[in-house]
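Lettering follows sequence order; numbering is per chain, from 1.
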There are 2 protein chains.
Amino acid sequence: MATIQDVAKRAGLSRTTVSRVINEHPYVTEEKKRLVTRAMQELNYVPNSSARRLRRQQTETIAVYVPRITNPFFSHLVEVMGKEAAKKGYQLILCQTRYKKEHERSFLELLKTKQVDGLILTSIENDWSKLEPYLSFGPIVVCNEYSDSAQVPSVYLNQIEGSYLGTKHLIDQGYTKIGYCTGNHKSSRVSKDRKIGFLKALSDAGIPMKEEWFFYNAYSVQDGFAAFKELKKLDDPPQAVFTGSDEVAAGIAKAAFDAGWRVPEDLAIIGFDNQPLAELMDLTTIEQPIDTIARQAMKLMVEAIQAKKPLKRKEVILPFQLIKRSST
Amino acid sequence: MATIQDVAKRAGLSRTTVSRVINEHPYVTEEKKRLVTRAMQELNYVPNSSARRLRRQQTETIAVYVPRITNPFFSHLVEVMGKEAAKKGYQLILCQTRYKKEHERSFLELLKTKQVDGLILTSIENDWSKLEPYLSFGPIVVCNEYSDSAQVPSVYLNQIEGSYLGTKHLIDQGYTKIGYCTGNHKSSRVSKDRKIGFLKALSDAGIPMKEEWFFYNAYSVQDGFAAFKELKKLDDPPQAVFTGSDEVAAGIAKAAFDAGWRVPEDLAIIGFDNQPLAELMDLTTIEQPIDTIARQAMKLMVEAIQAKKPLKRKEVILPFQLIKRSST
DNA sequence: CGAATTCATGAAATCGTTTTCATAATCAGA
DNA sequence: TCTGATTATGAAAACGATTTCATGAATTCG
């Protein structure tokens, strides 16, 4: 492998000048520039990024935390972030926390050991107090998930409004017995807020809720199947169900259909995210502007890295949209 | 940020000894080991990975190329690879080529500039001759996609067999007018082989094909909708259709259903991949052992990196499985 | 014309590790 | 007790870039 020294020798110049050409510094004559460029080509030279990283103290790499990349919501988020990052000359390191505190923490070392310039968190497993100390090693941007105590920029949606919107829609359609089927992850602010919004919509309308209409730990299509199985057994089942994702909604819809129930006559269902699957299954759902979230978060991150200023708390709150289809 | 020098000073020892403790070299007394460990803790020291990379000439990072991470087939692949990589102490850099030659090429620089130890390609856009030269910079493993000329390990499935299996199934069910709806990407060996297998199954059974029953450039649910629209217009439409993905199959099934067609009576449909969506829509499909592919590819990659021997051509060919559901 | 800028280049320091080499101390065997 | 291996440690080189500093040439300005 050719080094900058080899190029310098071949061009009959110093390392410094070669470096200047590479980094487009001023004060290099056209003639030397040509000499250097030619030498680089002849030697098939490329700067060694480890050396550059060490000297520059930056890596041009950003870590993105997601629970699991197979979750379409997160893969969509990552797709857009990857595109944006590439545009701005950054690489993306993918960190799957798999909903585990330990995994999340283990990836934090990336920032500490200077393997990445910053962290984008799309989910938070640990208490913020556990993450906070890492801020001294580089910027962190939170996106989708959020935390009141986090003194960093966050791009998110007001999930209270989102679930309120969806629940209100069910109420407006005339349903009064409404179930709730979500992940309900303890450490997740998103989960908590969705529940708050749901309950608020009910109480605003003076509609009662029933403990047995709550189904938790539902993330996948399979979980939707299971939830319907429970629901079906009830003496007094809900007429409609609010879910935390299109997968869960689709699972319930499919299971209901297989059991001979009609949607929405026997059971109305509302999903969340507006994934391709929701269109396929004709599910009413609540759309989150994933592209915008991703782009905003990446923009904030790059700004933070380049400004090298300490990050301040800052909230970018984006709107939801209800997509009405035939399942409600 | 504390450096190894600071630790050495605090412990009253040399950099060398500290380095030995960090890297668990022999010949350090327990006493000094304690001294060093304590100093590291007190200073909250972590080795700087850029420096280590530079000196060691390796990055403990692997690049994975996928067309788009939102494609569930690829996100599943990446999920498993990420898990395996983490287990073995490697990071994953995600490279989305977006089906573009230029993007694919631009990411190749990662290997050249020593930002990653190796490349796993799950799709190939450029001719192998364009990629070949990069082998001198580090190992490349091909996975899912394959190329006859590539002198590297490949983990893949014999797509001729896969599509033959699916098509044969349609024929066995009694269908004689069979359509074909896939991506048909020119540079993709997978595409080519699927078509070969499809045609072979037809010709083995003495069944004719018709040019107007071929639909190309179909990747998404939307493309499935469009394909059905075309299909519906035909005077003599096929009775069954072989597709290249569950998304496309689902799109066709949905469009058919919306148009009042019955599946499979009016149109039988077979998908590919066995994604959750296939179960939801009750689609017969062909399952690819994604977990195994991913694990095998990652295993080969790590071996290649650690052996530091030049890679040889090697083929790992895995079996398909037909999942029969109600769409055929 | 002399002084002050601006332009152009290179030598050497620097980034923070790991590795090689040298050296001293300890231990085992004859 | 001497020899040779083994254990334990540190000084210095190496990894390959960028950046600082110094210096000389060319240009501008009063």
Side-chain angles (χ1 to χ4, degrees), chain A residues 1-37 39-40 43-61 109-117 137-138 308, chain B residues 1-37 39-40 43-61 109-117 137-138 308:
Chain A
M1 276 275 36
T3 73
I4 198 172
Q5 182 69 282
D6 302 330
V7 175
K9 194 180 286 177
R10 178 143 198 147
L13 295 162
S14 72
R15 292 206 293 275
T16 314
T17 306
V18 177
S19 172
R20 287 210 178 93
V21 173
I22 296 170
N23 296 290
E24 297 177 322
H25 278 284
Y27 304 154
V28 184
T29 56
E30 280 306 319
E31 191 204 336
K32 316 260 156 154
K33 214 177 269 180
R34 266 199 309 280
L35 247 48
V36 169
T37 313
M40 292 202 297
L43 294 171
N44 199 14
Y45 167 82
V46 196
N48 176 306
S49 77
S50 300
R52 178 182 284 214
R53 282 174 177 223
L54 174 58
R55 181 61 235 223
R56 283 256 190 93
Q57 300 284 56
Q58 48 164 299
T59 65
E60 268 142 24
T61 306
E109 296 303 308
L110 290 176
L111 191 57
K112 211 168 169 188
T113 61
K114 293 270 188 308
Q115 293 198 53
V116 299
D117 290 339
F137 303 111
K308 284 182 177 163
Chain B
M1 274 274 36
T3 72
I4 199 172
Q5 182 69 281
D6 302 329
V7 175
K9 193 180 288 176
R10 178 143 199 147
L13 295 163
S14 72
R15 291 205 293 275
T16 315
T17 307
V18 176
S19 173
R20 285 209 178 94
V21 173
I22 296 171
N23 297 289
E24 297 178 323
H25 279 284
Y27 305 152
V28 184
T29 56
E30 280 307 317
E31 192 205 335
K32 315 260 157 161
K33 215 178 268 180
R34 266 199 307 278
L35 248 48
V36 169
T37 313
M40 292 202 295
L43 294 171
N44 200 12
Y45 166 82
V46 195
N48 175 306
S49 78
S50 300
R52 178 182 283 212
R53 282 174 177 223
L54 174 58
R55 183 60 235 225
R56 284 255 191 94
Q57 300 284 60
Q58 46 162 300
T59 65
E60 268 141 25
T61 305
E109 295 303 309
L110 290 176
L111 191 56
K112 211 170 170 186
T113 61
K114 292 272 187 306
Q115 293 200 53
V116 299
D117 290 339
F137 303 110
K308 283 183 178 160

Pair [X], [Y]: side-chain N/O donor-acceptor within cut-off below 3.5 Å:
X	Y	result
B/Thr61	B/Arg53	yes
B/Asn23	B/Arg56	yes
B/Ser14	B/Thr17	yes

Expressed as a whole number of angstroms, how long is the span from [X]:[atom1] to [N]:[atom2]?
X	N	atom1	atom2	value
A/Leu13	C/dA11	CG	P	10 Å
B/Lys32	D/dT7	NZ	C1'	12 Å
B/Gln58	D/dA14	CD	P	21 Å
B/Glu60	C/dT17	CD	P	15 Å

Closer than 4.0 Å, any side-chain N/O of B/Tyr27 to the OP1 or OP2 of D/dT7? yes

Is the phosphate of C/dC7, meaning OP1 or OP2, less than 4.0 Å from a side-chain N or O of A/Thr29? no

Can you give one letter per nucleotide of nucleotides 15-26 of chain D, going 5' to 3': B for a protein heavy atom under 4.0 Å from the base, S for sugar-phosphate only, - for none? BBBBBB------

Candidate pair B/Leu54 and A/Arg52, rule side chain to side chain contact (heavy atoms under 4.5 Å, CB included), full reasoning: CA-CA 9 Å; B/Leu54 174 58; A/Arg52 178 182 284 214; over 6 Å; no

B/Gln115/B/Thr59 under side chain to side chain contact (heavy atoms under 4.5 Å, CB included): CA gap, chis, key distance, verdict: CA-CA 6 Å; B/Gln115 293 200 53; B/Thr59 65; 5.7 Å; no

Does B/Arg34 come within less than 4.0 Å of B/Glu31, counting only side-chain N to carboxylate O? no

